[in-house]
Amino acid sequence: MNKLILIDGNSIIYRAFFAMPPLTSSSGVHTNAVYGFTNMLLRLLQEEQPSHILVAFDAGKETFRHEGYQDYKGGREKTPPELSEQFPLMRELLESFGIAWFELPGFEADDIIGTISKQGEEAGVDVLVVTGDKDMLQLVSDRVKVALTRKGISEVEPYGIKEIEDKYGLRPEQIIDLKGLMGDASDNIPGVPGIGEKTALKLLHQFGSVEEVLARTDELKGKMKENLVNHAEDARMSKQLATIFREVPVERSWEEMAFSGVLEEQAAQMLRKLEFKSLLERLSFAPHQDVEQAGGSALEEVQVTVIDDQTIHQLVEVLPEVQNVVVESHGENPHHAVLMGVVLSTEEEHFYLAPEVLHSDVAKPVIDWLGDKNKPKRGYDLHRADLTLYWQGIEFGGAEHDIQLAAYLLDPTNNDQTVSGLAAKYGIGAVAADEEVYGKGAKFKVPDQALLSQHLARKSAALLQILPLQKQELEQVEMNRLFYELEMPLSIILAEMEKQGVAVNRGTLMELGAEFEAQISSLIARIYDIAGLEFNLNSPKQLGEVLFDKLQLPVIKKTKTGYSTDAEVLEKLAPYHDIVQYILEYRQLAKLQSTYVEGLLKEIRPETGKVHTYFRQTITATGRLSSQFPNLQNIPIRLEEGRKIRQAFVPSEEGWFMLSADYSQIELRVLAHISGDNGLQEAFLHDMDIHTKTAMKVFGVAADQVDGNMRRSAKAVNFGIVYGISDYGLSQNLNITRREAARFIDQYFDAFQGVRTYMDEIVKEAKRDGYVKTLLERRRYLPEINASNFNLRSFAERTAMNTPIQGTAADIIKLAMIMMDEVLRERKLKSRMLLQVHDELVFEVPPEELELMTTLVPETMERALQLSVPLKAEVSSGANWYDAK
DNA sequence: GCTATCACG
DNA sequence: ACGTACGTGATAGCA
């Protein structure tokens, strides 16, 4: 006996349930949690090669903890039926695998694991506890490690004594003190009010334990002391509740937990019953096989042919059969990325091309193939690949299926989109993380060719396996059209826009910079003079000291680290002291100078005089694009001083024009459509001023009685509605009381009852399905929609209301971009689409096309999608982006 | 690397 | 009672 694995069954299955998309067998039984669990189990068996294993479950509702504290785990949502029905399946599966499981009435899985890990430790065995519950860290010792699940369950992070020390600065036994002080909302453990993780850690670093803290409260002061004194009993009880009981009367012999490999026949039968086809193939990993042949490594060696003038013919012969393309590059900005190498794979073989080989004559047929739009390609992040190759002078065409992009659609909030992460998610052999192969940050180093080509080939091999699984999933969630007809074509269009770039007039920017500079230095002088000292104005900390300590201005708001000095606070302080207004002006100009003048100048390519942004298609949770290096979606417009920055954005050809068209009220129009609200639809059918109309209905007055203030309030309410309204949020925005805000909202919903119904229904739908979707079937999962934690749940509810609106608007402008691209091509126009700013498209247009484009662009945008209300786009043009207003 | 701030839709 | 508006990216300071 050498290694014992103890799995916290309830914790893992619960996490698996919320981490995995819904999945049912053909008979309609939910299986997603079992799938997730099995996936992680197989990986664990393969990687850890345990000699003994046991899965512990909670039994019954009442445990000994309830005897002392009836509210233990109170307020928890009851287990959804979709999950409950999976517990029996889970036990059945474990039995079919030949894995022991155990539960004992009156005790939780924690206690069982605590007890057995102690026994294992005493018997001199290495123990690995697998759980999602941080409390279990208290079990860690020399022999016991605790693996915590991360990001759902696709990864685990092992903690030993050192890791706990590094992360918390605590010994394992102090974890219960931490819980005692901070509590745990999910178990309804109270802790001490006002003490969160940070404060709790600080106290423990100083005093060592709950008892010691409570004994020495006289060394503390303020609210914290008061809370500790008043809630001393809560702290003691919380600590006790968090303490795992390690003397459970378990009678399990080591033999029962012994594990020598999966019972293949039975396990295969079970997996077939559950319809887990992809897991079936992995069964052979589990027993102690092929360990020696892999040299102790769990990784399978992949055959890869390094291309040179001797081997090139092998690749050329099979080019038509190439299934997957990996273009590896280094650097965040793909316009400046360094090409590291390329791997092309057929079903059977992998070929590696070094950058210099790709640039040599022998690679000519490969280069032609890469650039051929009629040769369809699959691969990972083909958008980046395209840009990387472009700056190397190599064309890339024919992107058909991008695995990263598809992974984004399947779960836009999964932030691990790496090949390694996806491979783990699909349970496909281990692919090393790039970081492990290259190192990160300053330590980045390209490994030798053997290692590099092996790594890339492994990635490619994993992608080959992911592809069919992904296709099946896209089909299942009805995203085929969204993917193949919208996102894939768009990715090509985006790359073209980015390569084209936008011309920026350096001189204009520098002149603006000089103006800003003059104002900034005079403001700085004035501020130092008034303050009576010089300090770093850019440091919120130093500024806070000047305003609140030296000048004694009232503290409006605090941040985690000290005084808040943001614009909202400064506005409120302005009446108290002249210095505040100058600081506000300084802030504004400093922002313009550093981010927009200096920042933009740095991004201009000297050889083209243009900035080439990178539109990211796989970032946002809602389906919007984002823009980086530089961000061209947040160029100032609201204030005149900043708006002038737009004068620097000019057409790239003499005499051309900038043309901009933006959707008018697209989100509210989308809301009118999906809610079906009569009043809202009516307003848009008559193309009324929507904020005025809202004011009329909410305040019950005629159009001519709506004053500026009423319209302003109505506008804020409309924004609130789109964001998933809350009285608090609205009250903040309008600077009114929560009561008044709540009244506005109520009046709004009375006036627009269809909207109220929609908001109620969409939240219900989210709670039922676990996700919401847009008109074009784009999804966003909301795992926290049923959380017991009020904050998490409320956030998810607002998201459920907002995402279909923001996401559908994103769908629509993406459609419009595809249509515009098509129209420009069909009519062989010279005009070029340059930018997208969420509800706006920007073009550069030759003079002879200006008239045509002025009607063509808004018309195309308006017919992008047929809704029950018309879409409206407004267009304007000028010599630069500023004048196109 | 994290926090605070502020630019956009 | 709880405590926040939805979605992003860039910069500067500071540990």
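Below, chains carry the letters A, B, ... as their sequence lines are ordered, and counting in each starts from 1. Below, all heavy atoms of this structure are taken into account, side chains as well, without hydrogens, waters or symmetry copies.
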Exercise. Using the P atoms only, state how far B:dA4 lies from C:dT4, rounded to an integer number of Å.
Key: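 Looking at atom P only, C:dT4 and B:dA4 are 13 Å apart.
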Quiz prompt | Atom C1', compared across B:dC6 and C:dC2: separation rounded to whole Å | solution =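 It comes out at 29 Å once rounded to the nearest Å.
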Any side-chain N or O of [X] under 4.0 Å from OP1/OP2 of [N]?
X        : N      : value
A:Ser626 : C:dG9  : yes
A:Asn631 : C:dA10 : no
A:Ser539 : C:dC14 : yes
A:Arg780 : C:dG7  : yes
A:Ser594 : C:dA10 : no
A:Thr559 : B:dA4  : yes
A:Arg638 : B:dG9  : yes
A:Arg587 : B:dC6  : yes

Measure from the ring center of [X] to the ring center of [Y] and say whether it is less than 6.0 Å.
X        : Y        : result
A:Phe752 : A:Tyr748 : yes
A:Phe629 : A:His612 : no
A:Phe535 : A:Tyr528 : yes

Quiz item: Once you round it to whole Å, what is the distance between P of C:dT11 and CG of A:Leu592?
Solution: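 Interatomic distance, CG of A:Leu592 to P of C:dT11: 13 Å.
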Quiz item: Taking CD from A:Gln732 and P from C:dT4, how many angstroms apart are they, rounded to a whole number?
Solution: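 Rounding to the nearest Å, CD of A:Gln732 and P of C:dT4 are 9 Å apart.
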Exercise. Between B:dT5, C:dA5, C:dA15, spot the one nearest the side chain of A:Lys541, thanks.
Key: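 Nearest nucleotide to the side chain: C:dA15.
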Exercise. Check every atom of C:dA5, C:dT11, B:dG9 against the side chain of A:Asp839 and return the nucleotide holding the closest atom.
Key: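 That would be B:dG9.
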Quiz prompt | A:Val670 and A:Ile812, any side-chain heavy atoms less than 4.5 Å apart | solution =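 A:Ile812 vs A:Val670: side chains touch.
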Quiz item: Any Lys/Arg nitrogen of A:Glu667 or A:Arg669 sitting under 4.0 Å from an Asp/Glu carboxylate oxygen of the other?
Solution: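 Looking at A:Glu667 and A:Arg669, the cut-off is not met.
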Quiz item: How is A:Ala567 classified with respect to the nucleic acid when contacts are heavy atoms under 4.0 Å: base, sugar-phosphate, or nothing?
Solution: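 Sugar-phosphate: the residue A:Ala567, judged by heavy atoms under 4.0 Å, touches backbone atoms but no base.
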Quiz item: Are the ring of A:Tyr728 and the six-membered base ring of C:dT4 within the stacking cut-offs of under 5.5 Å and under 30°?
Solution: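 Yes; centroid distance and tilt both under limits.
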